[in-house]
Structures are given as C-alpha cells and as structure tokens.
Amino acid sequence: MMKKVLLIGRRHHGEKNNVHLLADGLRGYLEGAEADWAHWEDLLVSVRRSGVKVEIIRDGQRTDLAEFNLLITMGWSHEKLYSDLAHTVALYAGANGNEVWNSEVSKARSMTKVSQIFKAHQAGIAVPETIFSLDTAKAINHNFLPLPLIAKDPTASRGRRNFFVTSAQELEALPGKDCPLILQEYIENDSSDIRIITAGGQPALAFRRVGSGGHLHNTSAGAAAELIEIDNLPAELASASRHIAKLFNRELTGIDFIIDKNSKRYIFLEVNGMPQLSSGAFLDEKLKALAADISSRKETK
C-alpha cells in the first residue's frame, strides 16, 4: 500500500515554508509514497458525541487527516492558535496510529479551548459538540450545530468575545475575521455553572456562578457566586475534576462545568491555567484552600 504524507503549513507562508512547493518537489524523489499539502486554514476540527475528526476542506472536497500515515507540520510555533491547532492535529494523529513530525507538538501544552475540548472528549469526558477552523467562514459553512449556539474566541477569558447566536443571520454576521471563533452547542441550563479549583490535583474549593441575564456566568460579567461546601460536592463532579487536572497536568487550576438541564449531566467547558486566585469571588476562601493543601504536603528535597 502506498504511504501517504501530508505537509501542513500557513496559507501566508514565507518561501522556505511553502508546503505546496515542498510537496511538488518531494513527488519527484519519493518511492512507495505520495505527498500532498494543506494549509492550517484549510483544516476543520469537529467534536461530536459520535467522535472527533480533523479534515481538510479545500476545492469543495473533504479529506480526513486519518488517511495520511505521516503529517509534517510547519509554521505553527509562533502563535497561540496555530500552536494549539497543531497540538489538536497531533492528538488526532496519535489516536489513529499515525506519525507526526516534529513530535514535540504531541507533547505541547493545551493553550486554547480547541484542544481542551478535543482532548477531553478523547478521554471520555462529556463536552459540548464543537466545530472550529482558523477560517471562521469555513466553520460556519460546514456547521452541523442547531440554533441557538455559542460562538466564542477560543483564547479569550472572563466572557470576552462570547456570543449567543439565535439565527442564521447572526451566524453569518459574526465578527470572526480578525480572530477565529469556535462554534459550540448551546447547553440548556439553569443560568449557572460551577467552577472547581483544584490544589495538588484535588478539589479544594467550589462555587456556583449564577448569571444576571443573558448566557454568561462569569463573575466579571456580573454573575453572582455561591460557595459550595467541598464535602457536598457530588462524587461525579469531584471525580471529573481530578481526572481533568491529571489529564492536563494542572495541579492548580480552575475547571468549569455546566449542568445540562435536560440530561442532568455535568458538561466540561474549560480548564483555566490560572483561575483568578488573587481576584474575583471568595478571595479569602481561595487562599485558605490553597494554603491548606500546601501545608499538608510532606517536605521534599
């Protein structure tokens, strides 16, 4: 069987990283293999309950990256979204038993909501159905999500650039040309979500954030916060937070969940690199919980 190689690079490339030219050049020398190319902007990431997929969408055709034995990635290391998309591609390749060069991208830190949702789904954690492309128009044109849906900047925090989309007209008018937007299933909820802060990878503090109107539950967007006694945290939620902290190698983090009003399931939204420990709601409680975990640890050399 012919080995298939894919070179992935930027659409706006320099001469040394023109993957189209590189693939054309390789074809004259390869034996028992064929080369193709794609731009990062050609890729479409989809996360559905039935599974995950990364595809090339170009010239009216869709090609699954799982078809390629070797993926050679270029031009991703200097920008957060490109880096995170490359990490997502590596996660997908690894799940399909395919090789990625350079393999460092497989071990990269998850930097945006794109790879977080993808990686969590691969680990069996319930997440919103999601679609993403660096070209937001591509995501909109191939959108499989029903309305209403959520569109948001995958790099943003505190509810910034987060939109509740209720019509096709609103979807087409999204301001995603300068900064790509991730499209996600709207999870019907009771106008609240839950943040769990872990210390040492264990749940240390939890609180419910109740929105003041609209779809956002961030305290920075006006939501109220209600402390949840850690001993009263549902076992399922405590277990999920430990799983996620370990999955992302984040001993100290803030993990956000929403409760699906219909299924009553806890749905993972994101894991925060640094969860507002010196600001926001319950400042003293956050510091006490962190101090308690630090104090309980044995001295190491």
Side-chain angles (χ1 to χ4, degrees), residues 80 84 87 91 104 106-128 154-159 187 189-190 192-211 216-260 264-301:
K80 182 183 286 189
D84 203 59
H87 181 49
L91 292 172
E104 62 176 313
S106 303
K107 304 174 180 65
R109 178 179 182 267
S110 185
M111 300 179 72
T112 81
K113 298 173 180 70
V114 178
S115 67
Q116 287 184 12
I117 292 295
F118 198 92
K119 188 171 185 176
H121 185 284
Q122 285 187 314
I125 297 163
V127 300
T155 67
S157 61
R158 303 187 181 186
I187 305 296
N189 61 89
D190 64 353
S192 74
D193 67 8
I194 296 173
R195 170 164 291 187
I196 299 175
I197 294 176
T198 65
Q202 298 294 321
L205 186 77
F207 52 92
R208 185 186 307 276
R209 302 183 298 185
V210 183
L216 295 176
H217 306 136
N218 307 75
T219 54
S220 51
E226 305 169 352
L227 196 64
I228 301 172
E229 292 294 333
I230 205 69
D231 291 339
N232 294 332
L233 196 65
E236 177 188 350
L237 205 51
S239 177
S241 63
R242 293 187 193 97
H243 185 185
I244 291 165
K246 185 175 182 179
L247 179 67
F248 288 95
N249 297 304
R250 295 186 182 178
E251 291 77 16
L252 177 61
T253 193
I255 307 168
D256 296 341
F257 297 90
I258 198 166
I259 303 175
D260 187 317
K264 308 304 181 185
R265 296 184 72 195
Y266 296 104
I267 309 296
F268 167 70
L269 296 178
E270 65 178 302
V271 56
N272 298 271
M274 189 49 65
Q276 282 186 276
L277 291 176
S278 59
S279 63
F282 305 116
L283 176 58
D284 286 344
E285 286 82 356
K286 291 173 187 173
L287 296 176
K288 288 176 183 176
L290 177 58
D293 184 83
I294 293 172
S295 299
S296 69
R297 294 191 167 274
K298 295 179 180 180
E299 184 176 348
T300 58
K301 294 183 179 180

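Atom set for the values below is all heavy atoms of this structure, side chains included, hydrogens, waters and symmetry mates excluded.
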What closest approach, in Å, do [X] and [Y] show between heavy atoms, and which atom pair accounts for it?
X      : Y      : value
Ser192 : Arg208 : OG-NH1, 3.6 Å
Leu247 : Ala123 : CD2-CB, 3.8 Å
Pro203 : Leu233 : CB-CD2, 4.1 Å
Arg195 : Asp256 : NE-OD1, 2.8 Å
Pro234 : Tyr266 : CG-OH, 3.2 Å

Among pairs that include at least one residue of residues 115-126, which meet side-chain hydrogen bond (donor to acceptor under 3.5 Å, both in side chains), considering only residues two or more places apart or in two chains?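 For residues 115-126: Asp84-Ser115, Ser110-Ser115.
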Go through the steps for Leu227 and Leu205 under the test side-chain contact (heavy atoms from CB on, under 4.5 Å), then give the verdict. CA-CA 8 Å; Leu227 196 64; Leu205 186 77; 3.6 Å; yes
Please answer whether the main-chain N or O of [Y] pairs with a side-chain N or O of [X] as donor and acceptor at a distance below 3.5 Å.
X      : Y      : result
Arg250 : Val271 : yes
Ser239 : Glu236 : no
Lys113 : Ala156 : yes
Asp231 : Glu229 : no
Ser295 : Ala292 : no

How long is the straight-line distance from [atom2] of [Y] back to [atom1] of [X], given to the nearest 0.5 Å?
X      : Y      : atom1 : atom2 : result
Asp190 : Ile259 : CG    : CD1   : 6.0 Å
Gln202 : Ile196 : CD    : CD1   : 11.5 Å
Leu237 : Ile255 : CG    : CD1   : 9.0 Å
Ile230 : Glu285 : CD1   : CD    : 12.0 Å
Arg209 : Glu226 : CZ    : CD    : 12.5 Å
Ile187 : Asp260 : CD1   : CG    : 5.5 Å

Apply side-chain contact (heavy atoms from CB on, under 4.5 Å) to residues Val127 and Phe118 and explain how you reach the verdict. CA-CA 9 Å; Val127 300; Phe118 198 92; over 6 Å; no
Can you name the residues that form a side chain to side chain donor-acceptor pair (under 3.5 Å) with Glu251, not counting sequence neighbours? none
Applying side-chain contact (heavy atoms from CB on, under 4.5 Å) to Phe268 and Ile244, what does each step give before you reach the verdict? CA-CA 9 Å; Phe268 167 70; Ile244 291 165; 3.5 Å; yes
Could you walk me through whether Arg242 and Thr198 pass the side-chain contact (heavy atoms from CB on, under 4.5 Å) check? CA-CA 8 Å; Arg242 293 187 193 97; Thr198 65; over 6 Å; no
